[in-house]
Amino acid sequence: MKERNPWHTPLTIIIAVIGVIAIVALVTIAVLQNKPLIPKYKYGIVLDAGSSHTAMYIYEWPAEKDNNTGRVEQTHCCKVSGSGISDYASDPKLAGESLKACMRDAERFVPSERHEETPLYLGATAGMRLLNIKDSAASDRVFQAVSESLQKSPFSFQGARILSGQEEGAFGWVTVNYLDDRLEQGLETTGALDLGGASTQISFISDSFDGSESPSNYVAFRLYGNDYNLYTHSFLCYGKDQALRMALAHQTQSGPGSIVDPCFNNGYSAVKNYSVLYESPCVSGRKPSSAPQTFTHTGKGNFYECQEVVKSIFNFTECKYSQCSFNGIFQPTLQGTYGAFSAYYFVMKFLNLTDTSVPLQSVKEALARLCATPFDTLKKQHPEVKLKFLNEYCFSGTYIFTLLTEGYNFTSRTFSDIKFIKKIKGSDAGWTLGYMLNLTNMIPAEAPDTPLLPHAGYVSVITVIALVLFVLFILSLRPLWPRCSQKPQIV
Ligand SMILES: Nc1nc2c(ncn2[C@@H]2O[C@H](COP(=O)(O)OP(=O)(O)OP(=O)(O)O)[C@@H](O)[C@H]2O)c(=O)[nH]1
Ligand SMILES: [Ca+2]
């Protein structure tokens with residue numbers, strides 16, 4: 001007679017089927033519930049209305065990581081053609097018009113279903129600060145015109161305003177450290193050096209600085225559970241274009257007519273207009289009373305003499321604090337590493353000095369060679385470089401060298417702590433990302449709670465526990481298990 005399998009009772013079969021269904025359901029729910037959602041992104045747009053030009057940056061981040069430690073990345077950048085919005089003071093409508101091509105670009109890069117909820121900001125820096133000083137009604141008209149233009153875009157326009165120098169410096173610092181993952185992980189931070197056309201910013205953490213000596217240079221942050229006491233200062237008029245104006249103005253003081261400038265290469269020559277040179281508030285107070293309409297600006301290319309001219313635009317003597325950078329501005333002792341961007345990068349890139357940390361002496365030698373090169377030779381060596389930039393590299397390089405060493409007090413030892421950078425992990429270094437992170441509350445003050453286990457670990461643990469429970473359940477039903485039927489004895 002065929003032996004009956006003791007498991008083949010209706011009860012055990014039902015228990016087994018229910019058990020298997022329960023496990024499958026449990027694992028399925030665990031997987032679906034915790035699976036990362038299909039990547040869906042959110043967007044933010046910032047227009048950087050600088051003194052020399054406007055640029056639009058589009059940022060994106062995973063939608064479910066909103067208000068968390070999600071990585072915000074720059075996905076697109078559009079350079080507005082023409083000059084900065086402050087140059088449209090006499091025809092503000094054109095400032096609004098100039099932004100249109102980039103805004104159309106943004107409509108293509110941000111998916112249309114996100115347009116309406118995407119915040120759009122415009123922040124203006126030193127060019128508008130200067131226009132506001134010179135003619136505040138004109139600056140209001142420019143803002144009016146750009147705001148009207150941006151309101152017509154499908155995005156959620158959040159306003160156009162001038163950033164204070166302190167904000168510009170602090171947000172540049174946030175950008176650099178956010179992109180380097182230094183904030184979230186509580187690592188030692190990097191200082192930020194930004195050289196624009198009309199102002200320059202220096203921002204860093206110094207252990208010796210708690211804000212008490214100079215409160216206007218102090219910005220306190222609490223980010224991801226860490227406190228930061230940031231030193232920051234923005235020098236209006238010390239961006240490279242305004243610095244050049246000040247250097248030229250200084251040289252025209254000795255007598256109008258012509259300037260033989262050591263900061264321009266030998267062979268360079270141009271006729272320039274006095275009124276144009278002196279129209280900026282950075283120099284307007286110093287216009288010679290009997291100046292003719294024009295002056296001839298020629299180059300003689302000498303780095304050492306150029307340094308003397310550049311030094312003349314700084315005041316190194318006045319200081320009412322324990323220590324100063326220049327112009328009587330407090331600066332604590334330099335500390336840590338620095339990321340130097342904008343014009344610092346453009347100029348050092350031209351000098352081929354961005355890849356490794358460079359000894360200060362090499363920079364000096366490269367500048368001495370550059371300034372001594374006749375302008376014709378320089379043009380032949382760099383046919384690809386725009387003349388308006390090529391003209392000025394001797395001045396710009398010498399200015400950067402002097403600002404860093406004599407101004408901020410970098411020495412041959414600390415100079416190699418500066419890295420000249422343009423982008424970090426695909427996003428441009430600058431104040432715009434930090435500005436948006438702040439306005440969208442994307443950096444929490446406290447460290448967010450992290451899940452106990454990663455997703456895969458969580459699913460595995462749940463599965464193992466389910467299996468163990470199932471086995472225990474089956475074992476607990478032992479009393480109900482059918483007994484082995486005894487073979488009938490043949491007597
Ligand atoms: N050599 C070189 N210079 C550049 C380039 N792009 C911009 N510049 C110059 O570098 C300087 C700084 O440029 P930005 O950082 O864009 O300055 P900005 O933001 O307009 O000015 P701020 O409002 O003072 O911040 C200006 O004098 C620009 O004309 C470039 O590709 N090469
Ligand atoms: Ca800038």
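Everything numeric here is computed off the predicted structure, so don't read it as measured data. Counting convention: from 1, in listed order, for ligands and their atoms alike.
Using a 4.0 Å heavy-atom cutoff, Gly84 is absent from the residues neighbouring ligand 1. Remark: distances from the non-hydrogen atoms of Leu195 to ligand 1 include one below 4.0 Å. Taking 4.0 Å as the cut-off, Phe350 does not count as a neighbour of ligand 1 on heavy-atom distance.
When hydrogens are left out, the protein atom nearest atom 27 (O) of ligand 1 is Asp241 OD1, 2.7 Å; that is the closest non-hydrogen contact. Remark: minimum distance from atom 23 (O) of ligand 1 to any protein heavy atom is reached at Thr125 OG1, 2.6 Å. Phe346 CE1, 3.4 Å is the protein heavy atom nearest to atom 6 (N) of ligand 1. The nearest protein atom to atom 29 (O) of ligand 1, hydrogens excluded, is given as Phe389 CE2, 3.7 Å; this is a heavy-atom distance. Of all protein heavy atoms, the one lying nearest to atom 1 (N) of ligand 1 is Tyr393 OH, 2.5 Å. When only non-hydrogen protein atoms are considered, atom 14 (P) of ligand 1 lies nearest to Ser52 OG, 4.0 Å. Among protein heavy atoms, atom 16 (O) of ligand 1 sits closest to His53 CE1, 3.0 Å. Protein heavy atom at the shortest distance from atom 24 (O) of ligand 1 is Ala198 N, 2.8 Å.
Each of the atoms 18 (P), 19 (O), 20 (O), 23 (O) of ligand 1 lies under 4.0 Å from some heavy atom of Gly50. Of all atoms in ligand 1, listed by their number and element, those nearer than 4.0 Å to a heavy atom of Ala126 are 23 (O), 24 (O). Listed by atom number, the atoms of ligand 1 under 4.0 Å from Ser342 heavy atoms are 15 (O). The contact set between ligand 1 and Ser199, taken as ligand atoms under 4.0 Å from a residue heavy atom, comprises 24 (O). Close contacts of ligand 1 with Ala343, meaning ligand atoms under 4.0 Å from a residue heavy atom, involve 10 (O), 11 (C), 12 (C). Interface of Glu168 with ligand 1, defined as ligand atoms under 4.0 Å from a residue heavy atom, comprises 25 (O).
Between Tyr393 and Phe389, the ring-plane angle classifies as tilted under the 30° and 60° cut-offs.
The shortest N or O to N or O distance between Asp48 and ligand 1 is not under 3.5 Å. For a threshold of 3.5 Å applied to N or O pairs, the pair formed by Gly197 and ligand 1 contains at least one separation below that value.
The distance between the ring centers of Tyr43 and His115 does not fall below 6.0 angstrom. Taking the six-membered ring where the residue is Trp, the centroids of His382 and Phe350 are separated by under 6.0 Å. Centroid-to-centroid, the aromatic rings of Phe401 and Phe303 come within less than 6.0 Å. Phe330 has its ring centre less than 6.0 Å from the ring centre of Phe209. Less than 6.0 angstrom separates the ring centroid of Tyr238 from the ring centroid of Phe326. Aromatic rings of Tyr228 and Trp173 (six-membered ring for Trp) have centroids within the 6.0 Å cut-off, being under it.
For the pair Lys272 and Phe264, the distance from NZ or CZ to the six-membered ring centre is under 6.0 Å and the angle to the ring normal is within 45 degrees. Remark: Arg71 is positioned above the aromatic ring of Tyr178, its terminal NZ or CZ atom under 6.0 angstrom from the ring centre and at most 45 degrees off the axis.
Contact check on Glu167 versus Arg161 returns a salt bridge, with a Lys/Arg side-chain nitrogen under 4.0 Å from an Asp/Glu carboxylate oxygen.
Shown are Phe204, Tyr218, Tyr321; of these, the ring-ring contact (aromatic ring centres under 6.0 Å, His included) with Tyr231 is made only by Phe204.
Checked against the 2.5 Å cut-off, the SG-SG distance between Cys306 and Cys263 falls under it.
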